[in-house]
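Read the numbers this way: they start at 1 and go in the same order the structure lists the ligands and their atoms. Remember, it's a predicted structure, so these values are computed and weren't measured experimentally.
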Amino acid sequence: AKAAGRNAYRFFETSMNTNVHNQLQIMQDLRLALERKEFRLHYQAKYDAANRRVIGAEALLRWQHPERGLIAPDHFIALAEKSGMIVPIGEWVLNEACRQMRTWYDAGRTEWKVSVNLSAVQFAHDNLVELVKATLERHRLPARCLILEVTESTAMQDVETSLSILNRLAGLGIDISIDDFGTGYSSLLYLKRMPARELKIDRGFIRDLADGTDDAAIVSAIIALGHSLDLHIVAEGVETEKQQDFLTELGCNSLQGFLLGRPMAPEQFQALTTMQVDP
Ligand code: C2E
Ligand code: CA
Ligand code: CA
Ligand code: CA
């Protein structure tokens, strides 16, 4: 029933593109979803490649639709961006992720970081820095507990404005992460100017990773480049032991993927990480 629900939604979405009425409908749906508290955050563990310990989690948005079931972000983020609804939704995401990080912090996970995805539309809003600052203060969270993930295209929309916002965010003590690295059109000059702490290699390069392949050469070059720029390197989409071992050997700092854990509801995430014994 869940799969059928998703397909129904996808159909709805496609027809929506040519139908103004449906566009208004989905904007209304997104607004109602926020009011009715139908959004959820799932968390995917990020772990240290060297010792395989969890070091934090990425917050990933879900829509718990009353009829259509759990809807993945690819089905509604673009519409939320187009309608501007991503601004209040993104604000909710940031607050909820920080609230969750606070409970982990209180449970002793003081070294963890929570990663939040930012959309380009949120960058166009000039109060982003104030919003982030106020959210951290609300939850009495040190800035080092938050990572903001931006894609190359997020920051490419208006380079100078984005860089100025990112510099102010980094100035707060937050880590900036470049998501989906290798899929955009950014130049190395741009990478050099980004106040980033972390670089996430897109999972497209990880999928067919094996000794001697082009992907192996690319990944190894990205890791070398990133390290020379003093960046922390994360590989996403790690699904096999083989990929895990290979990436660790190449010097990748952290890993994320279905091998260690899928994105999951907070309660399940709790169960996954309590198996981890503290030193
Ligand atoms: P992303 O930021 O690149 O997130 C990683 C996506 O890869 C997630 O999909 C995750 O479930 C999936 N993934 C993780 N490990 C594996 C693996 O080992 N194999 C495979 N095949 N997939 C894996 P998800 O949760 O469906 O999110 C899709 C995209 O939606 C995200 O891509 C991100 O761009 C966007 N998104 C999610 N949450 C938010 C949000 O709160 N705000 C904004 N603006 N965008 C979001
Ligand atoms: Ca991400
Ligand atoms: Ca990514
Ligand atoms: Ca992506």
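- By the 4.5 Å heavy-atom criterion applied to side chains, W63 and I77 are not counted as neighbours.
- Of the charged side-chain nitrogens involved, none lies within less than 4.0 Å of a carboxylate oxygen, so that D106 and R99 do not count as a salt-bridged pair.
- Put simply, the side chain of Q243 gets close to the backbone of E239: a donor and an acceptor are under 3.5 Å apart.
- For ligand 1, the atoms closer than 4.0 angstrom to any heavy atom of V93 are 41 (O).
- Checking side-chain atoms of N95 against main-chain N and O of E91 turns up no donor-acceptor pair under 3.5 Å.
- Less than 4.0 angstrom separates some heavy atom of E239 from each of these atoms of ligand 1: 17 (C), 18 (O), 19 (N), 20 (C), 21 (N).
- Using a cut-off of 4.0 Å between Lys/Arg side-chain N and Asp/Glu carboxylate O, K133 and E130 are scored as not salt-bridged.
- Using modelled atom types, no side-chain atom of E111 and backbone atom of I55 make a donor-acceptor pair closer than 3.5 Å.
- Relative orientation of the W104 and Y43 rings is perpendicular, given thresholds of 30° and 60° on the angle between their planes.
- With S164 contributing its side chain and E160 its backbone, the two residues share no donor-acceptor pair below 3.5 Å.
- Some N or O of F258 is nearer than 3.5 Å to an N or O of ligand 1, by distance alone.
- At a heavy-atom cutoff of 4.0 Å, ligand 1 is contacted by the side chain of D179 but not by its backbone.
- At distances below 3.5 Å, not a single donor-acceptor pair connects side-chain atoms of R262 with backbone N or O atoms of L259.
- Heavy-atom contacts of D180 reach the following atoms of ligand 1: 3 (O) (cutoff under 4.0 Å).
- Distances between N or O atoms of Q122 and those of ligand 1 include no value under 3.5 Å.
- Heavy-atom proximity to D74, at under 4.0 Å, picks out these atoms of ligand 1: 28 (C), 29 (C), 30 (O).
- Listed by atom number, the atoms of ligand 1 under 4.0 Å from V238 heavy atoms are 18 (O).
- Hydrophobic clustering (ILVMFWY, side-chain heavy atoms < 4.5 Å, transitive): V132 and V150 are in one cluster.
- When H227, H232, E198 are each tested for a side-chain hydrogen bond (donor to acceptor under 3.5 Å, both in side chains) with N253, only one passes: H227.
- Of all atoms in ligand 1, numbered sequentially from 1 with element shown, those under 4.0 Å from a heavy atom of Q44 are 14 (C), 15 (N).
- Of the candidates G257, P73, A72, P73 brings a heavy atom nearest to atom 37 (C) of ligand 1.
- Judged by the shortest distance from any of its heavy atoms, G90 lies outside the 4.0 Å radius around the atoms of ligand 1.
- The shortest heavy-atom contact between K200 and E149 is NZ-OE2, 2.7 Å.
- The number of protein N/O/S atoms found under 3.0 Å from the Ca ion (ligand 2) is 4.
- In summary, the atoms of ligand 1 found under 4.0 Å from a heavy atom of P263, numbered by their order in the structure, are 11 (O).
- Checked by atom type and distance alone, the side chain of W112 pairs as donor or acceptor with a backbone atom of V54 at under 3.5 Å.
- Taking 4.0 Å as the cut-off, R62 counts as a neighbour of ligand 1 on heavy-atom distance.
- Summarising the contacts of atom 12 (C) of ligand 1 with K200, Q243, E236, R203, the nearest heavy atom is found in R203.
- By the 3.5 Å distance cut-off applied to N or O atoms, E81 is not counted among the residues near ligand 1.
- Within the listing of ligand 1, atoms 43 (C), 45 (N), 46 (C) sit less than 4.0 angstrom from a heavy atom of I77.
- For ligand 1, none of its N or O atoms has an N or O atom of Q256 under 3.5 Å away.
- In this structure a side-chain-to-backbone donor-acceptor pair under 3.5 Å is present from R102 to R140.
- Within the 4.0 Å heavy-atom cutoff, E58 counts among the residues contacting ligand 1.
- Distances between N or O atoms of E149 and those of ligand 1 include no value under 3.5 Å.
- D208 has its side chain out of reach of T213: every pair of non-hydrogen atoms, C-beta onward, lies at least 4.5 Å apart.
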